[in-house]
2 protein chains.
Amino acid sequence: MGLQNTLRALADPIRRDILSLLKTGPLSAGDICSHFSVTAAAISRHLSVLKEADLIRDHREGKFIYYELNASVLEEIMLWITELKGDKDDA
Amino acid sequence: MGLQNTLRALADPIRRDILSLLKTGPLSAGDICSHFSVTAAAISRHLSVLKEADLIRDHREGKFIYYELNASVLEEIMLWITELKGDKDDA
DNA sequence: TTAACAATTAACTTAATTGTTAATTGAAGT
DNA sequence: ACTTCAATTAACAATTAAGTTAATTGTTAA
């Protein structure tokens with residue numbers, strides 16, 4: 001958990017694109033897949049990395065599993081960056 | 001260049017620690033090394049990754065090479081995050 | 001229960017990253 | 001020129017990550 005997982009998850013262009021897709025609302029895994037040219041299995045693993053970082057949440061509806069963005073954890077990155085840019089007085 | 005390099009560079013705890021060390025001002029490679037328990041060669045490569053991402057700048061002074069933080073590129077991440085959290089209307 | 005479909009997990013391959021030690025570059029002093 | 005010290009680069013071993021295909025899990029409907 002934490003910053004490490006979040007940054008690791010964001011350090012991949014496909015995963016960032018997935019997050020952008022989810023900006024407008026939840027999508028099923030299949031819907032997400034259809035936007036990329038890799039296999040469903042590959043996307044599924046990307047989704048699990050994002051989920052591990054708590055950047056997305058999932059819930060099943062019948063046959064489908066829907067994913068939705070959880071942008072709140074990005075706050076931690078904002079804080080880290082702000083701190084790095086900000087007060088030059090504590091190490 | 002760009003967001004990809006920046007996020008990749010940040011996705012390593014040692015590299016983030018290096019940036020934090022540089023918050024208070026420039027340090028030589030040796031100074032930086034002394035804070036970690038890996039070899040100088042390993043740190044040198046971390047530094048080159050950070051430099052490639054333009055997160056740090058270097059300049060030589062005699063035998064020493066000093067590194068300093070360039071936090072300005074972090075702005076791009078802030079923007080990306082803000083956009084992701086913000087306007088829910090464009091994909 | 002069987003068939004069909006959505007999605008994940010498993011097994012495996014390949015490429016990228018991280019670390020080590022050894023060799024190299026660059027600058028300063030003798 | 002030679003030595004010494006700071007730092008990087010090269011070459012290699014080990015780990016991690018990302019992709020593929022094939023098998024498995026979970027759900028719905030006949």
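By convention in this document, chain letters (A, B, ...) are assigned in the order of the sequence lines, proteins followed by strands, and residues within each chain are numbered from 1.
- Summarising the geometry, the separation between CD1 on Ile65(A) and P on dT28(D) is reported as 12 Å, rounded to the nearest angstrom.
- Between the side chain of Asn70(A) and the backbone N or O of Arg57(A) there is no donor-acceptor pair closer than 3.5 Å.
- OP1 or OP2 of dA6(D) has not a single side-chain nitrogen or oxygen of Ser28(B) nearer than 4.0 Å.
- When the C1' atom of dA6(C) is taken as reference, atom OH of Tyr67(A) falls 11 Å away, rounded to whole Å.
- When the C1' atom of dT25(C) is taken as reference, atom CZ of Phe64(B) falls 16 Å away, rounded to whole Å.
- No donor-acceptor pair closer than 3.5 Å links the side chain of Ser44(B) to the backbone N or O of Ala41(B).
- Nucleotide dG26(D) has dC5(C) as its partner under the Watson-Crick or G-U criteria, with both atom distances under 3.5 Å.
- Inter-residue side-chain proximity for Asp31(A) and Phe64(A) is flagged as unmet; no heavy-atom pair is nearer than 4.5 Å.
- Pairing of dT25(C), defined by two Watson-Crick or G-U wobble distances under 3.5 Å, is identified with dA6(D).
- Within 4.0 Å of Ser48(B), counting heavy atoms only, lies no atom of the nucleic acid at all.
- When all heavy atoms of Ile65(B) and Arg60(B) are compared, the closest pair comes out as CD1-NH2, 3.6 Å.
- The nearest whole Å value for the distance from the CD1 atom in Ile43(A) to the P atom in dA17(D) is 18 Å.
- For Arg8(B) (side chain) and Ala11(A) (main-chain N/O), no donor-acceptor pair under 3.5 Å exists by modelled atom type.
- Following rounding to the nearest Å, His59(A) (NE2) and dT8(C) (C1') show an atom-to-atom distance of 17 Å.
- Paired with Thr6(B) under the rule side-chain contact (heavy atoms from CB on, under 4.5 Å), one option of Asp54(B), Leu55(B), Leu50(B) passes, and it is Leu55(B).
- Protein atom CD of Gln4(A) is 13 Å distant from nucleotide atom C1' of dA17(D), rounded to whole Å.
- Annotation: side chain of Ile43(B) is in contact with side chain of Leu47(B) (closest heavy-atom distance under 4.5 Å).
- A straight line from CD of Glu52(A) to P of dT9(C) spans 11 Å, rounded to a whole angstrom.
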Under 4.0 Å protein heavy-atom contacts per nucleotide of nucleotides 18-27 of chain D, with B for base, S for backbone only and - for none: BBBB----SB
